[in-house]
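Every heavy atom of this structure was used, including side-chain atoms; hydrogens, water molecules and symmetry mates were not. Remember, it's a predicted structure, so these values are computed and weren't measured experimentally.
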Amino acid sequence: MHQPVEKSFFEKPVLELAQDLIGQLIVHELPTGPVIARIVETEAYHGAEDQAAHSFRNRRTKRTEVMFGEPGSVYTYQMHTHTLMNVVCGPVGTPHAILIRAGEPVEGLEFMRERRGEKLAMKDWTNGPGKLSKALGITMNYYGHHWTNRPLFIAKSEAVGEVATSPRIGIANAGEAVHYPWRFYEKDNAFVSKFRP
DNA sequence: CCCCTGATTGAA
DNA sequence: TCAATCAGGGGC
């Protein structure tokens, strides 16, 4: 049985946490059994000073509100027809967050296959932020949930491969911030998302 | 209108 | 394999 991480796991600078999340597990406990993916790709968003962040210049709306709250909170938002999930970081009042961009299926494979389509190759189930949420059964209902509480939590796992960095994906119009190397991913992992120009 | 996207289409 | 298209929520 997996156990949620301690709240203190989230109390560190956003770039550090983004890296530490690589290799950890997202556990979604459903009546039919646990559905688990191992995080292989994240992106850090540095709140007020980061033009690519929703909370740039401390923009505070119904959507971004949760980022001003407790580190370890779940920030979900909708991008077109998809749900993307983030881990809130930074002290209360500092709206930092980490987008979870991709994972590797670990458990609940039948559930994921069903959610993602019978014909789809396993490597395409969870290799993008929207795909991962869909595969794990995570919806906007988890907005404001905490990543240490069942039935949706982050758990520690052991082995982590080499972590590489790159600029973030899909933020073309973010000025200076376009080049910041704030994307983290496990090197040579087949479930890392495809680069988007 | 512009996005922290992804499935599908139709060309090369 | 790749580029274009579009779906359709929220913020400005």
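For the pair N86(A) CG and dT5(B) C1', the computed distance is 13 Å after rounding to whole Å. Distance K131(A) NZ to dT5(B) C1': 9 Å, rounded to the nearest Å. What separates CG of D124(A) from P of dT1(C) is a distance of 12 Å, to the nearest Å. Atoms CH2 (W125(A)) and P (dG6(B)) sit 17 Å apart, rounded to a whole Å. Spacing between atom CD of Q51(A) and atom P of dC2(B) amounts to 15 Å, rounded to whole angstrom units. In this entry the distance linking CE of M140(A) with P of dG8(C) reads 16 Å, nearest Å. If you measure from atom NE2 of H54(A) to atom P of dG11(C), you get 10 Å, rounded to the nearest angstrom. The distance from atom NE2 of H46(A) to atom C1' of dC4(B) is 17 Å, rounded to the nearest whole Å.
Of the candidates dC4(B), dT5(B), dG9(C), dT5(B) carries the atom nearest the H82(A) side chain, counting heavy atoms from C-beta on. For L84(A), the listed nucleotide lying nearest its side chain is dC4(B); candidates were dC4(B), dG8(C), dA7(B). Of the candidates dG11(C), dG8(C), dT5(B), dG8(C) carries the atom nearest the T81(A) side chain, counting heavy atoms from C-beta on. In this structure, of dC4(B), dG6(B), dT5(B), it is dT5(B) that holds the atom nearest to the side chain of I169(A).
Across all strands shown, R116(A) has heavy atoms under 4.0 Å from sugar-phosphate atoms exclusively, and none from any base. I171(A) comes within 4.0 angstrom of sugar-phosphate atoms only, judged by non-hydrogen atoms across all strands, and of no base.
Aromatic stacking of Y45(A) on dC4(B): satisfied, with centres closer than 5.5 Å and planes within an angle under 30 degrees. The ring of H80(A) lies on top of the base of dA7(C), close enough and flat enough: under 5.5 Å between centres, under 30° between planes.
In this pair, W182(A) and H46(A) present their aromatic rings tilted. The plane angle is within the 30 to 60° band.
A salt bridge links E29(A) to R150(A): at least one charged side-chain nitrogen sits closer than 4.0 Å to a carboxylate oxygen. Ion pairing between a basic and an acidic side chain is recognised when a charged N comes within 4.0 Å of a carboxylate O; E65(A) and K62(A) show no such pairing.
Shown here, dC4(B) forms no base pair; nothing in the strands shown gives a Watson-Crick or G-U wobble contact with both key distances under 3.5 Å. Taking a pair to require two hydrogen-bonding distances under 3.5 Å in either a Watson-Crick or a G-U wobble arrangement, dG8(C) remains unpaired.
Other residues, nucleotides and ligands contribute more than 12 heavy atoms inside 6.0 Å of the CD atom of E16(A). Open room surrounds CZ on R57(A); 12 or fewer heavy atoms of other groups in view lie less than 6.0 Å from it.
Residue order along DNA chain B, read from the 5' end via each residue's closest nucleotide, puts Q78(A) first among G128(A) and Q78(A).
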